[in-house]
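Before any comments, here is the structure.
When a ligand or atom number is given, it counts from 1 through the structure's own listing order. The model shown is predicted, which means the values in this text are computed figures rather than measured ones.
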Amino acid sequence: MTEAQIISKKILAEYENTRIIKIEIYSPAIAQHYLPGQFVIIMVSEKGERVPLTIVETNLANGSINLIFQEIGYTTKLLGKLKEGDKLYHIVGPLGKPTEIKKFGNVLIIGGGVGTAEAYPVTKALKQQNNKITTILGARNKNLIILENEFKDISDEIYITTDDGSYGIKGFVTDVLEQLLKERTFDLVYAVGPVVMMKAVSNLTLPYNIPTIVSLNTIMVDGTGMCGSCRITYNGSIKYVCCDGPEFDGHKVDWDEIINRNKTYLLQEQTILKFIQD
Ligand code: FES
């Protein structure tokens with residue numbers, strides 16, 4: 001086994017042209033230094049882009065890390081084509097600040113889409129600190145729900161929503177959140193998923209003054225604070241998601257700026273995707 005080699009690969013979910021895949025990668029140094037909340041940046045090929053992916057689990061005995069990703073753009077589709085035994089061109093990490101793990105009390109975890117995978121290691125660590133965990137997981141439909149059993153094992157209470165009502169509660173994670181906020185309070189809300197979802201969650205918890213941590217997934221290049229591509233405005237100042245984050249207080253994030261900046265390469269992404277399909 002050599003550094004960055006794929007030990008195993010498993011398709012977790014599949015629907016139409018969307019697949020969510022788990023890969024186990026040999027990288028003993030990253031596995032050894034990892035803490036929940038941190039991520040790696042991978043390159044599939046020498047001329048490819050650099051993509052940040054959250055580390056979901058580590059296996060110290062195997063010297064490996066697990067990554068879960070959705071085939072959404074050109075690079076993740078290339079990554080999805082790799083087989084067991086293939087090697088990534090490059091991997092660097094662990095990057096970013098670890099999550100603050102301590103006893104908060106009543107914690108509400110919200111995972112949307114593939115963000116569910118990113119929420120998993122944090123939830124597990126918070127459960128180990130004896131927090132009471134309520135979880136809301138959301139996906140477009142039943143086929144795209146991942147890690148349901150894993151979350152059931154570490155949650156005191158769990159709600160699952162699907163946009164089309166094919167499983168669990170019909171609607172969005174924010175529908176359940178709104179209802180729960182009317183009934184009780186939480187000491188912490190931790191949300192990971194699409195930017196619009198994290199924005200909506202933060203807007204809902206703000207009037208209740210509930211601390212709300214979000215894990216941001218902006219465009220990144222170097223991952224060390226030098227290129228500026230992951231820049232956000234946070235509480236009126238500039239922050240870099242790769243080294244000041246990826247977690248931030250959702251009430252202080254300039255969400256609209258992130259939504260706009262994430263569209264920077266939309267045209268190129270659409271063009272290259274068409275190319276890969278042709
Ligand atoms: S990725 Fe370059 S500054 Fe964060």
Between Lys182 and Glu178, is a salt bridge (Lys or Arg N to Asp or Glu O under 4.0 Å) present by the stated rule, with each step listed? CA-CA 7 Å; Lys182 284 180 194 156; Glu178 230 175 330; 5.2 Å; no

Between Glu157 and Thr135, does the side-chain hydrogen bond (donor to acceptor under 3.5 Å, both in side chains) criterion hold? Intermediate values first, please. CA-CA 6 Å; Glu157 197 180 351; Thr135 299; over 6 Å; no

Quick one: do Glu150 and Lys22 satisfy salt bridge (Lys or Arg N to Asp or Glu O under 4.0 Å)? Show the steps, please. CA-CA 14 Å; Glu150 288 83 347; Lys22 175 161 104 172; 5.8 Å; no

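For residues 12-53, there are no ring-ring contact (aromatic ring centres under 6.0 Å, His included) pairs, not counting sequence neighbours.
Listed here is the closest heavy atom pair of Val241 and Leu216: CG1-O, 3.7 Å.
Less than 2.8 Å away from atom 2 (Fe) of ligand 1, the protein contributes these N/O/S atoms: Asp222 OD1, Cys227 SG.
No side-chain heavy atom of Thr185 sits under 4.5 Å from any side-chain heavy atom of Asn106.
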